[in-house]
Amino acid sequence: MSNQLHRRDWLKQSALAALGLTFSARSLGGEDYLPRELGIETGLLNLGSNENPYGLAPGAKQAISELINTANRYAYNVPAIQSFKKELAEEYGVTEEHLLITAGSGEALNLLARHCNKGNLVTANPTFGILPNTAKKIGIEVREVLLDSGKVHDLQAMAKAMDANTAHVYICNPANPSSTMLKPAVLKAFCEEASKKAVVTVDEAYIDFLDAPDNESMISMVKSGNKNIVVVRTFSKIHAMAGLRVGFVIAAPETIKALQANYFGNSNFCVGSLPIHAAMASLKDTAHRESCKQKNAAAREYTHKALQDLGFKPIPSSTNFIFFPLKNYGGDFAKDMLEKNVILRSSVLPDGKWGRVSMGTMEEMQKFIKIMQTVKA
Ligand SMILES: Cc1ncc(COP(=O)(O)O)c(C=O)c1O
């Protein structure tokens, strides 16, 4: 079969997947790879999954190649990676007992939804789908509170949605798909109150794209002994390791113990030794992270302004993606953009249709804007 035919088949499959695109766990599933073996690496703009387009830190690449000959061993049999948990604990100022390493943070969110398996869950709408969708699957009532008109978490309404049966609150800050953030003091005050009644999971996947002082983590609440605050982090975004699957949870030691027990006793079995070694190297490379952050900010500023010039009103983004209303767009935006070789997300919310585009490199965003010039909305 020719490459051309493979490519069309693949696009068609993706388009079908895109038809179901809301910002749910299902939509964030496996359709987002580029079949490079089919030679279509360059034709497609893959702006659908909030990945980091700048690649692994050089040290992380080197670490993987150096350790490749130990891949026949379980992670705990590879001396070079024994200290990962210790190093991660040092980086975040917690103890190893406060940490659970997971195969991507999606796995942590899934575990947490199953851990809080009673009462109801309060979260936002829209939000990142994995945790609420798992909760729904196991029969938990999910109370979805609309974001406010600026697409920011409506904390007052979320507090109101909580009752005596609320066991869990999930907040993604900065938020996906809306790209907005809550000021640390505001989020902290909410967490303080909410955690008196329920477990509060704060998903900080995009926190590294924020500047100080907005990048203050809720990890400080765990450190000061709040047993109901759980923070979830990932190596997929600023560390550019989405395909390597490393995430982690920081929470009270008893919560970590309970989560660990559901991970057939030892999460070392679940996370690969090469990804762990890459993560260790990446942690040390602050310059690479800073460079990714700066390039992302430049691409984001360009894209925001260019979308405005085209008459869209994008939400000011605190992340590596932009969320924008699609005005009077008539069709299925994600599907139509796929026809133009762009992978992105779109969804229908109570206030209309919205698009979410991840930041690629500046060159990719310039190509994206050229394509957007042909869109009638
Ligand atoms: C808010 C948020 N949390 C968690 C994840 C999952 O990331 P991973 O499983 O790659 O760590 C994502 C992925 O896009 C996300 O947007």
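In listed order, ligands and their atoms are each counted from 1. This is a predicted model, so every value here is computed, not measured.
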Exercise. Please could you name the atoms of ligand 1 that Thr234 approaches to less than 4.0 Å, counting only its heavy atoms?
Key: 8 (P), 11 (O)
Quiz item: For ligand 1, which atoms have a heavy atom of Ser236 less than 4.0 angstrom away?
Solution: 8 (P), 10 (O), 11 (O)
Self-check item: Contacting atoms of ligand 1, where contact means under 4.0 angstrom from a heavy atom of Tyr206
Solution: 1 (C), 14 (O), 15 (C), 16 (O)
Practice problem: Please identify which atoms of ligand 1 are closer than 4.0 Å to at least one heavy atom of Gly106. | Solution: 6 (C), 8 (P), 9 (O), 11 (O)
Quiz item: At a 4.0 Å threshold, what atoms of ligand 1 neighbour a non-hydrogen atom of Ala205?
Solution: 1 (C), 2 (C), 3 (N)
Practice problem: Report yes or no: does Gly247 have a heavy atom closer than 4.0 Å to ligand 1? | Solution: no
Quiz item: Relative to ligand 1, is Asp203 under 4.0 angstrom through side chain, backbone, both or neither, heavy atoms considered?
Solution: side chain
Quiz item: Can you tell me how far CG of Leu307 sits from CZ of Phe368, rounded to the nearest 0.5 angstrom?
Solution: 5.5 Å
Quiz item: Do Ile322 and Ser179 touch side chain to side chain, with heavy atoms closer than 4.5 Å?
Solution: no
Quiz item: Under 4.0 Å between a Lys/Arg side-chain N and an Asp/Glu carboxylate O for Lys227 and Glu254?
Solution: yes
Quiz item: Which ligand 1 atoms are under 4.0 Å away from a heavy-atom of Arg245?
Solution: 8 (P), 9 (O), 10 (O)
Quiz item: When the ring centroid of Phe248 is compared with that of Tyr92, is the distance short of 6.0 Å?
Solution: yes
Self-check item: Atoms of ligand 1 close to Cys172 [distance to a heavy atom under 4.0 angstrom, numbered from 1]
Solution: 1 (C)
Quiz item: Is the closest heavy-atom distance from Lys237 to ligand 1 below 4.0 Å?
Solution: yes
Quiz prompt | CA sep, side-chain torsions, deciding dist, call: Asn296, Tyr54, side-chain hydrogen bond (donor to acceptor under 3.5 Å, both in side chains) | solution = CA-CA 9 Å; Asn296 174 69; Tyr54 305 108; over 6 Å; no
Practice problem: Looking only at distances, please establish whether an N/O atom of ligand 1 is found under 3.5 Å from an N/O atom of Asn176. | Solution: yes
Self-check item: Donor on one side chain, acceptor on other, His304 and Ser317, under 3.5 Å
Solution: no
Quiz item: Does Val246 reach ligand 1, in the sense of a heavy atom lying below 4.0 Å from it?
Solution: no
Quiz item: Would a distance-only check, ignoring hydrogens and angles, find a side-chain to backbone donor-acceptor pair under 3.5 Å from Asn52 to Lys237?
Solution: yes
Quiz item: So which bit of Leu109 gets within less than 4.0 Å of ligand 1, heavy atoms only: side chain, backbone, both or neither?
Solution: side chain
Self-check item: Cation-pi, Phe333 ring and Lys353 (6.0 angstrom, 45 degrees)
Solution: no
Exercise. Using only heavy-atom distances, determine whether the side chains of Thr374 and Lys340 contain a donor-acceptor pair under 3.5 Å.
Key: yes
Practice problem: Using a strict cut-off of 4.0 Å, indicate which atoms of ligand 1 neighbour a heavy atom of Gly104. | Solution: 9 (O), 11 (O)
